[in-house]
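Below: one structure, written as structure tokens.
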Amino acid sequence: MRLLPKLGRKFRRWKKFKKSPLLRKLDLLHETARKRAFLETSQDYISRLQAECDENVVTKLRGKTRDQFLYNGTFHEAVGKVLLTAQFFAMMPVRGVTAKHPSSLSFSWLHVRTCCCLLFITSTLIDLTLTIFKVLDGPISFNNIKPIIFRGCILLVCMTALNLARKWPELMMHWHDIEQDLPQYQTQKEKWRMAHTIHMVMLVGMMLSFAEHLLSMISAINYASVCNVTDDPLRNFFMLTNDEIFYFMGYSPPLALWGKLQNVYSTFIWNYMDVFVMIVSVGLAAKFRQLNDNLLKFKGMHMPPSYWSERRIQYRNICGLCGKMDNAISLITMVSFSNNLYFICVQLLRSLNQMPSVTHAVYFYFSLIFLIGRTLAVSLYAASVHDESRYSLRYLRCVPKDSWCSETKRFADEITSDLVALSGMKFFHLTRKLVLSVAGTIVTYELVLIQFHEDQNLWDCDQSNYS
Amino acid sequence: MTGDMEGHSGWKLRHIFNRKVKQADEVSTKPTDDTDFDFNIINNEKPTDYAQLETFHRAVYPVMLLAQCFSLMPLTNIWQPNPRCMRFKFKSLQMLVTIIFMVVTSVLLVSMLKHLFKIGITAKNFVGPVFFTFVECACILFIDLARKWPALMRHWTRLELIFNKPPYEILATNLMQRVRLPAVIIIICSIIEHSLYQASAIVNFEQRIIICAQAHNTTADTSFDNYILHNYEYVFQVMPYHRITAVYILLVNGTCTFIWNYMDLFIMMVSKGLAYRFEQISTRIRKLEHEEHISESTFIEIREHYVRMCELLERVDNALSSIILLSCVNNLYFVCCQLLNIFNKLRWPISYVYFWYSTLYLVARTACVFLTAATINDESRSALGVLRRVSTRNWCVEVERLIFQMSTQTVALSGKKFYFLTRRLLFGMAGTIVTYELVLLQFDEPNRRKGLLPLCG
């Protein structure tokens, strides 16, 4: 019985394709016009629609209209939810991040979120001081200074983020001005793309870091139950994960809670550094891509010099924007890269030692792979800004002879000679070549460090450092 | 119609419609059968005879057919002269062969890893799993390439039609010779290497059994079954021994060796194909050197062909980049491994012969891949000298644009755009290998001082 409908369909298709395309199109037009005319006049169809409408008013989402689901393709809109999430963890206290227009952004020292941020910075400073005292008490090695580097980087990033929050309203207005000047996307799908990438990056980054944090807690619980110093398992756990606090002061639940909160916030910020650099890179690369998509539409056509002049000025604007953003986040980029480099070296070195348990091995390798993956992702996203800025050149090569003018020549010269890329305090520029040299650097450092490695039992119960 | 003139396909359409003269009856004579479609709609008096044309597809198809016997790049209808007949189908014989091969290799890999976890992993015995991992990755990447290959070949052949007509001429060594020569050389060398490997393994096994039997006063069992059981014991820890399994394992081993060589061979063939076209452009430019009056339209045409070749190179690069990266990592790793063992003492002369032959072959093959890929970059710039000597009378904006493009653009294959395959890279890689070797040889010093390990027991 299944054969007959299939044959019927094939026969109908053959009949359709026998006609010429023009006839087929006319047929289709005629059909749709006829259907529409019928539906408009048919009474019970209209009454059915009305009944549906009445139902739908009840079943539709409350308080949400179609406009709230539409995107306007701007960076401020795309990044709003991400910045709001970060503000819960005391990063970048700017008011008005989820508003429609960047003019609603404002920063003040007297806002609640700014005060929370300052509170967190003070608390991290205290924690860092305690860590330094503890580490200086014993022998110093490449492994031991890991907590200092960790907390120091978090402190630096928090302070830089506060500074960035002061400049953020002005930066976003500048970005908005340049964005409005670019050739706009026409469809929702194109406008949605950048926002979607940014949200996905944030989601995946945070989910993986949450998973890593959970695994670290499980591993610590396992370790604490094996090396039980006291009878209270909760106390064991806190004395293990926040050992620098309880090195000098006695155990008390408020201190333990403070230590745990500090831990959670620090882990989030440690990951958020990289995610933030990725998001800014995605935004900048998307602006270049917007310009390139427009150039692609007119590729090989005879365009007047005014068109090229306009595109050149827009390209220049985006390059200027890139420079401004680079100045603003340069320190965060540099801290993030140095941080990643150090942690990868240290973790690779530690992997040579024997793991105390299976849970610890699982957590260790998961965190190492996550670290390497995150570093690679940041480098590649940041390098995409440089790559995207050079793509415009290939459209200039296809300009026919009649349209070649001084404007196009100037545009081509500019793209070739300029280096548009994010950088780390202008010391190094984030391009794809850098990824290769960083990988080479890590391998070289590892080969040298392995020579100095002694196979001590790092995770012995007596050892005073666990993390 | 104008709605279609957007984006990349729009540019293609525009290009075709700008060039055609009068195609009044094009709509009604549009064929519905794909295989009869002619790229060359400018002169459609007679259909294009693809067998007569000098195209990359025709040059490379015997080697690709051979590779399909070794389960690489499962495509159908490669032997047809018209590249439009090529298809990537999941339900084909080639795909079946590929999947069976990959399953068997995975079994080998997993059993080897299990065995190594038991006896402990060192840098020396990790070479086996790494080899199988590289081969599996290469297989997967070639399947991915096979999905993009028909569209890429159609684009490539469409462009090559230009180079088959005057003023472009066939060069001294034509495309087919250039593409098939490295294939022949590498296949012969790799057959020799594989035979030496088998010979060395067999001699090692035989002598060991005979000497140990004499030492322990037992009978020597140098049969084929025992040989397989000895060398591939990790496989028979997970499955029972059977002669057919043994033969199949040897076949899989041979296939893996072929795939390991084919990665480099494929890159070499593609590089030769692309460099040939760039050389044709350079030859045409060089012929213009002695002409009195060169019209601007000549330069416009040359520049347009150059731009289209660069775009083709970029498309090929996007498709081939992962394989290039894998091949470079593969070569780097194995050269480092072989050089680590350079000071080792071996027992039998044939082992020395095999070791030195395989090391030299590996180094030569790596150098050849890099040099062949670098010729694309060299050829694309070779006409710069002539262009810069164009007389003032013939100078025009197009010459200036062409010089600018040739001198500023890096026209080369790349490894995922991380690095470009030029001559400078070969130099840099040699330096890196020497640096790593000097450090790694220091680590191996205590092991080497032990000398030859006892043979029996």
Ignoring hydrogens and geometry, is there a side-chain-to-backbone donor-acceptor pair from A:Arg397 to B:Arg401 under 3.5 Å?
no
Non-hydrogen atoms of chain B under 4.5 Å away: do they reach the side chain of A:Ala412, the backbone, both or neither?
both
Give a yes or no on whether a salt bridge exists between A:Lys299 and B:Glu311, defined as a side-chain N under 4.0 angstrom from a carboxylate O.
yes
Hey, could you give me the OG1/CD distance between A:Thr416 and B:Gln409, rounded to the nearest 0.5 Å?
9.5 Å
I'd like to know whether OH of B:Tyr333 has more than 12 heavy-atom contacts from other residues, nucleotides or ligands below 6.0 angstrom.
yes
Judged by atom type as modelled, is there a donor-acceptor pair below 3.5 Å linking the side chain of A:Arg432 to the main-chain atoms of B:Lys416?
yes
Interatomic spacing from NZ in A:Lys401 to CD in B:Glu304 - rounded to 0.5 Å:
14.5 Å
For the CZ atom on B:Arg423, are there more than 12 heavy atoms of other groups (residues, nucleotides or ligands in this structure) within a distance under 6.0 Å?
no
In terms of heavy-atom contacts, does CZ of B:Arg424 have more than 12 from other residues, nucleotides or ligands at under 6.0 Å?
no
Of the backbone (N, CA, C, O) and the side chain (C-beta and beyond), which part of B:Tyr306 lies under 4.5 Å from a heavy atom of chain A, both, or neither?
neither
Taken to the nearest 0.5 Å, the spacing of B:Lys417 NZ from A:His386 NE2 works out to 12.0 Å
To the closest 0.5 Å, what do you measure between CG (A:Leu447) and CG (B:Leu438)?
11.5 Å
Greater than 12 external heavy atoms within 6.0 Å of B:Phe404's CZ
yes
Part of A:Ser20 lying under 4.5 Å from any heavy atom of chain B:
neither
Could you look at A:Leu380 and say if it's the side chain, the backbone, both or neither that has a heavy atom under 4.5 Å from chain B?
side chain
Under 4.5 Å heavy-atom distance to chain B, tell me which part of A:Asp413 shows up: side chain, backbone, both or neither.
both
